[in-house]
Participant: 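One structure is given below, represented as structure tokens, and several questions about it will come after.
Residues: numbered from 1 along the sequence shown. Since we're looking at a predicted model, the values are computed, not measured. Counting starts at 1 for both ligands and their atoms, in listed order.
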Amino acid sequence: MNPVVMKFGGSSVENIEKMQAIAQRIIRKKADGYDIVVVVSAMGKTTNQLLDLARQASVNPSKREIDLLISTGEQVSISLLSMILNENGQSAIGLTGFQAGIKTSGLHTKNKIEDIDIEKVEKHLREGKIVVVAGFQGLNQEGDITTLGRGGSDTTAVALAAKLNCRAEIYTDVEGIYGVDPRLYPKAKKIDMISFEEMKEMAFLGAKVMEPRSIEIGHRFKIEILVASAHQDTVGTLIKEADPAMETKSITGLSISERVILVTIHHLPSQSRHSADLFIKLAQNEINIDMISQTMTSDGYVNLAFTASSEDTHLINEVLMEIQKKYENVVVTTDTNIVKVSVVGMGMRTQSGVAATLFELFATNHIDYKLITTSEISISYTIDSALKDKAVHLIASTFNL
Ligand code: ADP
Ligand code: ASP
Ligand code: MG
């Protein structure tokens, strides 16, 4: 077999006309001798619209029912695309995540792929069919339909490619990975090749073009991922193991995370047990905490600040309510008008001065930041949302992104 996984995101399948265009592209690839698994997302903004309906139905809808609801978007796409392929004389079959053998575990709306029973997909491929799999969904041990978190069709695609030991091709509405989101900085340059490590960091720090866990899977199983335009036959970006041919700028990319909240807990008793209890509770709810800062006050308390995804606001509030009940002096403030701006680059391991350049840039341009964190290959700042465009333009032009 000569398998390949081709994934098309929501904007690439937003109407029948676009589906017809990608069907032609898939058929051409099949004619080149590939056994093709296609992964599709829900049409256009369907997932958002379904979530909106859920909010109208209930203030705090059950996550299990949300999964049941939002997984339907992808099912519409697989059936329509399969019909179009069949209509064009190409035998195709649509499979839901469950039918494609995708087994998941974890909390509803945040499931992880445990394993894939790939036999069924392989059988259809051997029969010469194009297999069209619903992205973003699977089935857990209880037999419930689950979803993989927003953008999760990328993860479905790379996990299937890992199981089939082939390349994953992610077709989307931009021509590849850029140094900065081209919608925020139109002069951004496309990157031809990027390492798994840098792409993973950029994705975790907010570059929505790829879902972070998909890169993690690609890295673990050494699956090359091509990101390219769904509508034009241009070269795209290859995500692969770092190699000496890759350009070594001090900074490869700039990511912006807009869905961030900054929570500050004032007046928490200073013993480390209290902070530990808080973070354990947050972890039990699978809330990912990102930046953390703790400062002592002169009267023996601590102020604790952290950032998290705004999608978890409801869960976080529930945990914080318990904290407030437990400690009567505690005051909690939540800042939603912030964004996280992060620069990423393997060059930072060997080249010094990136942080100094950024601090100077922010100082001369009056950009104040609240929290800062660093990793070996990134530096992140939380800044006021109103300063986002200014910061993006300054950093992108200074580092030639
Ligand atoms: P799809 O629906 O195909 O999954 P997404 O909307 O999830 O597409 O991702 C594509 C979008 O990611 C682009 O439209 C672009 O605005 C955004 N994006 C963010 N950061 C980057 C980046 N560094 N390079 C390219 N696109 C980016
Ligand atoms: N439809 C899902 C979402 O909008 C999954 C995806 O597009 O990858 O998040
Ligand atoms: Mg996406």
Participant: Is a side-chain donor-acceptor pair under 3.5 Å present for Ser275 with Ser272?
Facilitator: no
Participant: Between Arg213 and Asp154, is the closest basic N to carboxylate O distance under 4.0 Å?
Facilitator: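 Result for this pair is no, no salt bridge flagged.
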Participant: For the residue pair Lys29 and Tyr34, would you count it as a cation-pi contact if the rule is NZ or CZ under 6.0 angstrom from the ring centre and within 45 degrees of the ring axis?
Facilitator: yes
Participant: Within a distance under 4.0 Å of any heavy atom of Ala207, pick out the atoms of ligand 1 and give their elements.
Facilitator: 20 (N)
Participant: Of all the atoms in ligand 1, which lie at a distance below 4.0 Å from a heavy atom belonging to Ile177?
Facilitator: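 Answer for ligand 1: 24 (N).
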Participant: Can a salt bridge be assigned to the pair Glu169 and Arg167 using a cut-off of 4.0 Å between side-chain N and carboxylate O?
Facilitator: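 Yes, Glu169 and Arg167 are salt-bridged.
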Participant: Using heavy-atom distances, let me know which of Ile170, Val209, Val227, Val174 sits nearest atom 9 (O) of ligand 1.
Facilitator: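 Minimum heavy-atom distance to atom 9 (O) of ligand 1 goes to Val209.
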Participant: Under 4.0 Å between a Lys/Arg side-chain N and an Asp/Glu carboxylate O for Arg349 and Glu376?
Facilitator: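 Salt bridge: yes.
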Participant: Within the protein, flag every N or O under 3.5 Å from an N or O of ligand 2, and note the pair and distance.
Facilitator:
| unit_1 | atom_1 | unit_2 | atom_2 | d |
| --- | --- | --- | --- | --- |
| ligand 2 | 1 (N) | Thr47 | OG1 | 2.8 |
| ligand 2 | 1 (N) | Glu74 | OE2 | 2.7 |
| ligand 2 | 4 (O) | Thr47 | OG1 | 3.3 |
| ligand 2 | 4 (O) | Arg150 | NH2 | 2.9 |
| ligand 2 | 7 (O) | Ser41 | OG | 3.2 |
| ligand 2 | 8 (O) | Gly151 | O | 3.4 |
| ligand 2 | 8 (O) | Gly152 | N | 3.4 |
| ligand 2 | 8 (O) | Ser153 | N | 3.0 |
| ligand 2 | 8 (O) | Ser153 | OG | 3.0 |
| ligand 2 | 9 (O) | Arg150 | NE | 2.7 |
| ligand 2 | 9 (O) | Gly151 | N | 2.8 |

Participant: Where is the nearest protein heavy atom to atom 5 (P) of ligand 1: which residue, which atom, and how far?
Facilitator: Lys208 NZ, 3.8 Å
Participant: Would Lys63 and Asp144 pass as an ion pair if we require N to O under 4.0 Å?
Facilitator: no
Participant: Can you classify the ring geometry of His219 versus Phe196 as parallel (below 30°), tilted (30 to 60°) or perpendicular (above 60°)?
Facilitator: parallel
Participant: Please report whether the ring centroid of Tyr301 lies less than 6.0 Å from that of Tyr327.
Facilitator: no
Participant: Show the atoms of ligand 1 that are less than 4.0 angstrom away from any heavy atom in Gly10.
Facilitator: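 Once the distances to Gly10 are compared, the set is 2 (O).
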Participant: Do me a favour and list the nearest non-hydrogen protein atom to atom 24 (N) of ligand 1 with residue, atom name and distance?
Facilitator: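 Result: Tyr178 N, 2.9 Å.
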Participant: How does Lys7 reach ligand 1, by side chain, by backbone, by both or by neither, if only non-hydrogen atoms under 4.0 Å count?
Facilitator: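 Answer for Lys7: side chain.
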Participant: Among Leu184, Asp154, Asp181, which one has a heavy atom closest to atom 18 (N) of ligand 1?
Facilitator: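 Answer by nearest heavy atom: Asp181.
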Participant: Determine, for Asp181 against Lys208, whether the closest basic-nitrogen to carboxylate-oxygen distance falls under 4.0 angstrom.
Facilitator: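 A salt bridge is absent here (no side-chain N lies under 4.0 Å from a carboxylate O).
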Participant: Do His267 and Asn329 have a side chain donor and acceptor closer than 3.5 Å?
Facilitator: no
Participant: Tell me the contacting part of Pro182 for ligand 1: side chain, backbone, both, or neither, using a 4.0 Å heavy-atom threshold, strictly below.
Facilitator: side chain
Participant: Among all protein non-hydrogen atoms, which one is nearest to atom 14 (O) of ligand 1, and what is the separation to 0.1 Å?
Facilitator: Arg183 NH2, 2.6 Å
Participant: Is it true that Glu119 and Lys123 have a side-chain N and a carboxylate O under 4.0 angstrom from each other?
Facilitator: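 Salt bridge: no.
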Participant: For the backbone of Asn400 and the side chain of Lys249, can you confirm whether one donor and one acceptor N or O come within less than 3.5 Å of each other?
Facilitator: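 Checked: pair present.
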Participant: As an exercise, identify every atom of ligand 1 less than 4.0 angstrom from a heavy atom of Met202.
Facilitator: 23 (N)
Participant: Counting only heavy atoms, tell me which of Asp173, Thr47, Thr237 gets closest to atom 10 (C) of ligand 1.
Facilitator: Asp173
Participant: Just need the protein heavy atom nearest to atom 25 (C) of ligand 1, so name the residue and atom and give the distance.
Facilitator: Gly176 O, 3.3 Å
Participant: Has the side chain of Lys388 got a donor or acceptor atom that lies under 3.5 Å from a matching backbone atom of Lys340?
Facilitator: no
Participant: Give the numbers and elements of all ligand 1 atoms closer than 4.0 Å to a heavy atom of Thr172.
Facilitator: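 Reading through ligand 1 atom by atom, the close ones are 1 (P), 3 (O), 8 (O), 10 (C).
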